[in-house]
Every structure is written in C-alpha cells, then in structure tokens.
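Since the structure comes first, as structure tokens, the remarks are kept for the end.
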Amino acid sequence: MESRRYGPNIIVTGTPGCGKSSTCELLKDKLKGYKYYNISDFAKDNDCFEGYDEGRKSHIVDEDKLLDTLEPLLRQGNSIVDWHVNDVFPERLIDLVVVLRCDNSKLYSRLHARGYHDSKIEENLDAEIMGVVKQDAVDSYEPHIVVELQSDTKEDIVSNVARITAWEKMWLEQHPDGVTNEYQGGRSDDEDDEDEE
Ligand SMILES: Nc1ncnc2c1ncn2[C@@H]1O[C@H](COP(=O)(O)OP(=O)(O)OP(=O)(O)O)[C@@H](O)[C@H]1O
C-alpha cells in the first residue's frame, strides 16, 4: 500500500551557529501543526548515540538508528528537521532543504559567545567558508529543492521564514494529493531503498 504525505518535510541546515534553531523557533510558529525535530535533541531522547568524540567534544550519532526512528515520522509529512548534517535522509522523504549561511565574523562571535574552544570555532569557520553544508545538500538532493539563505541579522530570520512559509503555501497548492513516500527509482543514493522493495 503506497504511503503519501500531504504536507512537506523541510530540512533547515547549516554550519553550527548559523541560526538553524533561531529560524526554526519562528518557523514552527508560522507553520501550524508542523512537527519540529532538532536532531541533536531527538538523537539524545531516542538513544541514537553510538559514542563520544573527545576531540570534537560531541556525541557520535548512530545514523541507522536515527533514520529507523525518524523515518515513520517523516512519512507523515509536515516536518521541520533542524540539523547541521543533511546528507543522511532518504531523498524521497525530503521536499525542501534550506541551507542557512552566515558571515564569518558574525559566526565567530556567535561561537565564541557560546564558549567554544578555538579549534572548534576554527573547524566550523572553515566549514562555513568552504560551503561544506551547502555542498552536502547539493550532492544529496535535486538542486531545485536546495535553497541557500543568508542568516546574519534578526531581519534575515524574519524574511527567511516568510520565504519558507510562502514556499510551503505554494507546495500545498501544487500537491493537493500530496506526494508519495515510496522510492521511485532515480539517483543512486536511494538505491538501498530499492533493495528494500
Ligand atoms: N540571523 C541571525 N541574526 C542574529 N543573530 C542570530 C541569527 N541567527 C542566529 N543568531 C544567534 O546566534 C546564536 C546561535 O544561533 P542558533 O542556536 O539558532 O544556531 P544553530 O545553527 O541552531 O546552532 P547549532 O547548530 O549549534 O544548534 C544565537 O545566540 C542566536 O541568537
């Protein structure tokens, strides 16, 4: 029995500190009835850690367990996913990937204010300069569903959320019968789904 979702799944991603959670705070107020998944919290709450990286001072997520837990929820649609990692989700379940970008000096200030040690700040600044998160998104999803938005000021958050809510309204108009959650063939990274057919 084919499963469909009648509301889109939106990933809000970007280098740590670029404004994912701040943007999602406002976004979930605007998108009534959407479920919000901060993956760092979700992984903790659902015991999806497989270790701890002393160097990075962060937990290592068991991505298989994370996806096993999250997939049934994404299949319901109407989800906002907040994570700096974006290339682990099945393409067939994702409708929009918002990559937030941030000016480096602002990102430095934000990460420094958090008390990050210099090596962690430098690692994240390098990733932002290199556009690592954006590249992961472009490598993992159809380019037309990947949107890059600047997130330097509070005004940016407001305008970014307005753009995402406008996109969501258009998506609902264009997909009155929803979209399938099932693998439809296509890019290789979903091949493993084909094996599950
Ligand atoms: N567009 C923005 N304008 C001004 N300040 C911002 C903006 N976005 C985020 N900030 C500030 O930067 C800090 C980090 O923001 P936030 O926690 O939303 O980032 P994040 O991407 O969710 O980080 P992480 O991935 O580590 O959770 C917060 O103090 C927040 O107030």
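When a ligand or atom number is given, it counts from 1 through the structure's own listing order.
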### Task
Look up atom NZ in K32 and atom NZ in K30, then write down how far apart they are to the nearest 0.5 Å.
8.0 Å
### Task
Decide whether an N or O pair under 3.5 Å exists between D82 and ligand 1.
no
### Among K106, E25, R110, closest by any non-hydrogen atom to atom 10 (N) of ligand 1
R110
### Message
Contact between P8 and L172 at the side-chain level, heavy atoms closer than 4.5 Å - yes or no?
### Response
yes
### Message
In terms of relative ring orientation, are Y108 and H112 parallel, tilted or perpendicular, with 30° and 60° separating the classes?
### Response
parallel
### Query
Any idea which protein heavy atom is nearest atom 30 (C) of ligand 1, and the distance to it?
S22 OG, 3.6 Å
### Task
Check whether any heavy atom of R114 sits under 4.0 Å from an atom of ligand 1.
yes
### Query
If we only count N/O pairs under 3.5 Å, is K20 in contact with ligand 1?
yes
#### Entry: Residue pair D152 / R110: nearest heavy atoms and the distance that separates them
O-NH2, 3.2 Å
### Query
Going by the atom numbers of ligand 1, which of them fall below 4.0 Å from some non-hydrogen atom of I157?
1 (N), 2 (C), 7 (C), 8 (N)
### Message
Any protein heavy atom at under 4.0 Å, with atom 19 (O) of ligand 1 as the reference point?
### Response
yes
### Task
Assess whether side-chain hydrogen bond (donor to acceptor under 3.5 Å, both in side chains) is satisfied between N124 and T15, documenting all intermediate values.
CA-CA 6 Å; N124 284 305; T15 307; over 6 Å; no
### Query
Any heavy atom of G17 sitting closer than 4.0 Å to ligand 1?
yes
## Note on the structure
the protein heavy atom lying closest to atom 31 (O) of ligand 1 turns out to be K154 NZ, 3.5 Å
### Message
Does either side chain, that of S58 or that of D53, offer a donor lying less than 3.5 Å from an acceptor on the other one?
### Response
no
### Task
Kindly assign one of parallel, tilted or perpendicular to the pair F49 and H59, based on the angle between their ring planes and the thresholds 30° and 60°.
parallel
### Under 4.0 Å to a heavy atom of D152 - the qualifying atoms of ligand 1, by number
1 (N), 2 (C), 3 (N), 4 (C)
### Query
Would V85 and I145 show up in the same hydrophobic cluster when neighbours are defined by side-chain heavy atoms closer than 4.5 Å?
yes
### From T153, N160, D156 - option closest to atom 1 (N) of ligand 1 by heavy atom
T153
### Message
Please work out, at 4.0 Å between heavy atoms, whether the side chain, the backbone, both, or neither of H84 comes within that distance of ligand 1.
### Response
neither
